[in-house]
Amino acid sequence: MSYLRLDGLARRYGETLAVDRVTLDIEQGEMIVLLGPSGCGKTTTLRMIAGFVDASAGRIVLEDREIGQLPPHRRDMGMVFQNYALFPHLAVARNVAFGLEMRTMTRAEREARVAEMLRLVKLDHLAARLPRQLSGGQQQRVAIARALAIHPKVLLLDEPLSNLDAELRQDVAREIRLLQRDRKLTTIMVTHDQQEAMAMADRLVVMRDGRVQQVGRQEDLYERPATPFVARFIGNSNIVSGTHTGGRLVVEGGSAITLAGAYAGDGPATLAVRPERITLAPPAGQAQAHGTVLLSSYMGAMVEHVVALNPTTQIIARAPSSGPAATQRFAEGESVSMMWPASSETLFDSSNHLVPNRTDAPRSNERISSHA
Amino acid sequence: MMKRSDTLAASSFLGPATCVVMLVLIAPLVLLARYSLNRFDPTELMIEATTGANYARFFSEAFYWEVMRTTIQVALLVTALCLLLGLPLAWRLSRMTSRWKSPLLLLIILPLFVSSTVRTVGWMILFAKSGVMDTTAATLFGRHIDLMFTPTAVVIGTLSVNLPFMVLTLQTVFDGIDHRLSEAASGLGAPPARAFLRIIWPLALPGVGIAAILCFILGMNAYATPVLLGGPRFQMMAPLLFWEFNTNSNWPFSAALAFILMGTTLLLTTLANTVIPRRYRA
Amino acid sequence: MRDAPKSALTRRGVLAGSTLLAAPAILIGAKAKAAETFILGTWGGDYQRLQMENIEMPIARAQGIESVIDAGDEAPRAAKIMASRRLPRGQMDVACVQAVQAYALAEAGALEEITPAKVPNIVHCQDGLATATFVPHIWSPQILSYSPERVKTPPTSFEDLLDPKYKGRVGFPDANFFYVMMAAGLFAGGSASNFEKAKEIVSKLNTNELRLYPSTDSAGPPFKTGELDVGVMWLARIAMWQNAGIPVAASFPKEGCILYVSGMVVPKNAPNKEAAFKYLNAMLEPAAQLGFAKNMGYLPTVTNAKLTGKVAEQLALPTPPPKLVVPDAAVNSKALPEIADWWKKTIQHT
């Protein structure tokens with residue numbers, strides 16, 4: 001059995017389901033990131049794990065022990081709040097010591113632990129300061145030290161980077177990731193920023209409207225999104241809806257896209273294609289789609305073309321501006337053909353379920369099924 | 001240059017308010033201070049003078065000391081009871097998220113819409129001999145309770161007048177404390193009571209001090225309640241002041257009493273403020 | 001000191017002390033110039049309402065005058081007249097005051113003299129009530145009140161209140177203390193002004209567990225609830241309480257009754273004396289006087305108003321007529337501060 005298991009966890013507020021039957025297995029030492037737009041239920045899930053919100057249904061099992069009924073102070077979770085929630089009247093060292101003071105521990109042990117934690121976050125020189133005398137980044141490190149001091153079973157991070165300056169974020173993200181890996185901290189982090197999530201997670205959990213959309217490694221989510229929402233949310237995708245018939249997708253406006261893979265079942269369908277997987281070429285017979293360049297933008301590392309299939313349907317293609325994969329640039333108004341490999345396209349049926357590519361090898365099985 | 005014109009604009013905004021405050025607050029106080037130095041005469045009412053006799057009269061007679069002591073005792077007791085009753089109420093209200101919060105708050109504010117004198121008359125009906133409480137006690141326990149014109153009645157009456165102010169002030173104080181601090185404390189292993197004592201209480205203390213001082217000042221200046229529920233034999237400062245002003249027309253002495261009451265209240269609240277540890281102070 | 005027709009307990013009384021507050025009344029007066037207005041300083045509450053119903057609406061308005069009310073307690077009202085007495089233009093045309101207060105104001109030279117030429121009806125005033133500057137409006141004798149249910153032998157003298165059988169069952173409104181002191185002096189020293197004797201007697205009364213009430217209104221119901229057996233009260237109040245269903249009766253002390261006399265004065269610097277005189281004359285009309293007797297239980301101050309029916313019975317003086325004592329305003333106004341202080345420290349504070 002896994003280290004931490006969420007089993008059908010749900011939270012209802014009146015008529016609305018904030019969290020809808022979330023099931024998740026987390027291994028010891030793993031870094032899990034709950035990702036989704038605001039209101040998707042990720043924070044509520046985190047707060048249920050911490051014990052600040054009671055679950056309406058479901059179980060939380062930690063090391064084979066059900067902890068869902070325990071009050072927060074008996075769960076041994078180390079929580080880092082979005083606004084840090086440092087105790088404003090206590091000096092940095094006293095903040096870090098707080099959790100230890102709630103435990104039986106000699107004074108010497110406690111002081112040693114506090115010193116160790118402050119060294120760990122490189123704040124030993126500021127031990128006597130009050131939180132308001134620290135910068136945002138320093139405050140956040142105090143919050144992490146305070147959470148880690150109690151040697152928590154799980155570290156919970158609620159949007160840990162959102163209150164930091166943009167230039168600081170990437171550094172802190174790396175620091176947290178290194179710290180987590182070095183100390184093998186089982187960590188659950190919540191964020192709405194997919195780049196942050198991609199950079200830090202072992203596995204990601206994409207949530208929307210209280211439901212888990214997909215659980216997987218970065219590559220899984222990127223290459224094989226389980227729903228159009230994931231395709232759009234993780235990296236950007238071209239999402240084109242139309243009617244699937246005979247290996248072609250007829251889109252609004254009448255144009256047809258020739259699908260690279262082979263799929264069963266005709267009818268309404270949605271296609272997702274990554275812009276950076278599309279190759280543009282001068283008009284040719286064998287291509288997925290044909291169109292006219294509407295915009296051509298040089299963006300430094302990338303060149304972006306917006307191609308109009310017809311007046312209502314556009315597809316974006318991106319390619320490196322230099323190197324072996326560099327694209328040829330097309331002028332606005334030029335006709336082009338678009339090509340992409342079958343492995344880069346995903347087709348969803350009318351209920352947004354993935355339609356398997358029959359030519360493709362069976363995909364590695366997802367460990368977690370999200371919804372019924 | 002810019003800065004100076006800003007200052008000018010700011011002061012032009014503040015000007016009218018300052019004038020109003022000067023006119024309605026400072027001017028009467030100055031006038032009152034002047035009166036307190038005059039001499040009283042039964043026929044002339046007030047004779048211009050510069051004498052400390054009115055103050056000396058207060059401090060040289062044990063009677064007045066005793067009235068002041070009673071006043072301070074009532075104010076302190078009411079403040080203590082207000083804290084005792086108000087703290088749990090305000091804490092619950094502040095942490096409440098249900099739809100009952102607004103109606104409950106309204107219930108607490110509601111008494112403030114009725115003048116405290118009218119509320120005191122309500123207590124009179126409850127306390128009076130053969131009143132509601134007396135009759136109920138006699139029927140249920142076969143014993144009469146006569147609270148009218150007792151210090152207990154004054155304390156209960158004043159408590160009911162001051163409690164809404166206490167609860168509303170404390171609720172604002174608790175609302176101002178991030179509830180994530182309680183969560184952080186409990187997440188770190190602190191049971192609710194310890195989390196409250198170690199984290200919330202020290203942070204609330206300056207606000208609680210202000211609420212207590214507000215309550216104490218209201219108690220020190222209570223007029224209608226001691227008169228109506230305490231009766232003529234119960235002596236507190238505000239009724240004494242009114243007696244000197246209204247029955248004796250002794251404006252100089254009542255002016256002096258006003259300043260002595262104000263000064264004592266100020267002194268005690270300042271004293272209380274120094275008792276609160278420096279780092280917790282607002 | 002006052003049988004305040006209005007409770008003396010509002011903070012407004014304090015505020016009204018500021019002479020500044022009369023200013024709005026003047027402004028209002030200037031606005032409503034259709035009828036000729038004058039400023040009437042009076043108590044609020046019932047007294048003011050009855051003035052409107054019995055004097056102003058039926059009589060004064062017909063004569064083209066209309067009052068602007070400046071309501072408040074007596075002491076601030078008197079203080080206001082005192083404070084502005086040297087100004088050319090005063091802030092009040094008619095002031096309702098008790099006889100004692102009127103005396104103090106007259107002594108200070110603040111009051112206009114009233115002659116039959118100015119107020120013709122004063123010729124009807126009962127002897128001994130009016131002075132050169134004071135027109136009496138209502139009066140009532142101070143009597144001994146008792147519960148006819150529990151007191152089989154009515155008290156006949158102030159002395160009876162000292163009887164140990166009334167321990168804790170004797171009381172009156174605290175505000176009446178000065179009149180009670182006069183009654184005690186009259187009994188023990190033969191004079192309403194014998195305050196030294198009065199102090200002895202009242203101290204004894206206090207040890208008989210004297211009950212004091214914060215307002216006149218609150219001194220009535222205790223006769224119904226059984227808290228009080230005997231007390232000291234105005235005859236007028238006894239009639240009012242009886243009408244309100246309180247079982248209480250009046251007994252005239254054999255040593256005599258102190259009279260409560262309340263009336264009106266016109267300050268020397270009143271801005272509209274003509275209207276003031278008209279108003280005083282209207283106030284003395286028999287119809288207006290009978291209205292006050294009927295509604296408040298006060299006796300008419302004019303001889304040409306005859307009570308009839310139930311009111312006449314309730315307010316009837318016994319035969320032979322009791323000794324009625326008009327307080328000596330000259331002595332009283334000097335003695336008041338000292339007696340008030342003594343009362344506060346010795347009687348209220350035990």
Side-chain angles (χ1 to χ4, degrees), chain B residues 23-24 27-28 31-32 35 40-46 57 61-64 66-67 70 115-117 120-121 124-125 128-131 134-135 144 146 148-149 221 223-224 226-235 238-251 253-255 258, chain C residues 1-2 4 7-11 13-14 16-18 20 72-76 78-79 81-83 85 101 103-105 107-108 171 173-175 177-178 206 210-215 218 221-222 224-228 332-341 343-350:
Chain B
L23 206 69
V24 305
L31 200 65
L32 209 59
Y35 282 1
F40 170 67
D41 180 89
T43 39
E44 287 286 310
L45 283 181
M46 205 153 54
R57 179 181 172 191
E61 282 189 50
F63 171 78
Y64 297 114
E66 217 174 299
V67 175
T70 310
S115 106
S116 65
T117 313
T120 305
V121 170
M124 288 172 75
I125 294 167
K129 194 178 170 76
S130 303
D134 188 23
T135 317
H144 283 276
D146 194 2
M148 200 60 184
F149 302 153
N221 293 293
Y223 174 76
V227 166
L228 293 173
L229 296 178
R233 292 184 188 276
F234 190 76
Q235 311 286 346
L240 174 71
L241 194 160
F242 187 70
W243 164 277
E244 288 298 339
F245 171 83
N246 204 41
T247 303
N248 284 349
S249 294
N250 191 340
W251 291 16
F253 186 49
S254 46
Chain C
M1 192 61 203
R2 317 130 272 157
S7 146
L9 295 168
T10 56
R11 280 172 197 270
V14 180
S18 158
L20 288 169
D73 272 348
E74 185 188 44
I81 295 171
M82 285 292 279
R85 70 185 191 276
Q101 192 61 263
Y103 173 83
L105 290 172
E107 278 293 282
D174 183 70
F177 75 94
F178 199 75
N206 207 28
L210 170 68
R211 285 178 185 269
L212 297 174
Y213 294 89
S215 68
S218 59
K224 191 172 188 174
T225 62
E227 190 171 283
L228 280 187
N332 290 349
S333 64
K334 298 253 178 336
L336 173 64
E338 192 261 321
I339 297 299
D341 213 41
W343 180 266
K344 176 148 279 299
K345 290 170 187 169
T346 317
I347 300 301
Q348 284 187 356
H349 185 70
T350 347

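Naming: A, B, ... by sequence-line order, numbering from 1 per chain.
The number of heavy atoms from other shown groups lying within 6.0 Å of NZ (C:K224) does not exceed 12.
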Applying side-chain contact (heavy atoms from CB on, under 4.5 Å), run through C:D174 and B:W243 and close with a yes or a no. CA-CA 11 Å; C:D174 183 70; B:W243 164 277; 3.6 Å; yes

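For chain B, the nearby parts of C:A340 are the backbone and the side chain; heavy atoms of each come within less than 4.5 Å. Interface remark: B:Y64 contributes side-chain atoms only to the contact with chain C (heavy atom separation under 4.5 Å).
Rounding to the nearest 0.5 angstrom, the gap separating the CZ atom in B:F245 from the CG atom in C:D73 is 9.0 Å. To the nearest 0.5 angstrom, B:R57 atom CZ is 4.5 Å from C:D341 atom CG. To the nearest 0.5 Å, the span separating CD on C:E227 from CG on B:D134 amounts to 9.5 Å. A distance of 10.5 Å separates CE in C:M82 from CE in B:M46, rounded to the nearest 0.5 Å. With rounding to the nearest 0.5 angstrom, the CZ atom of B:F63 is 9.0 Å from the OG1 atom of C:T346.
Minimum interatomic distance between B:S130 and C:T225 (heavy atoms only, all atoms of both residues): OG-CB, 3.7 Å. Heavy-atom minimum distance, B:R233 versus C:L210: NH2-O, 2.6 Å. The nearest pair of heavy atoms linking C:A79 to B:L45 is CA-CD1, 3.6 Å. Taking each heavy atom of C:P214 and B:F149 in turn, the nearest pair found is CD-CZ, 3.2 Å.
Using a 4.5 Å heavy-atom cutoff, the side chains of B:N248 and C:E338 are not in contact. Residues C:K344 and B:L240 meet the side-chain proximity criterion, which asks for heavy atoms closer than 4.5 Å.
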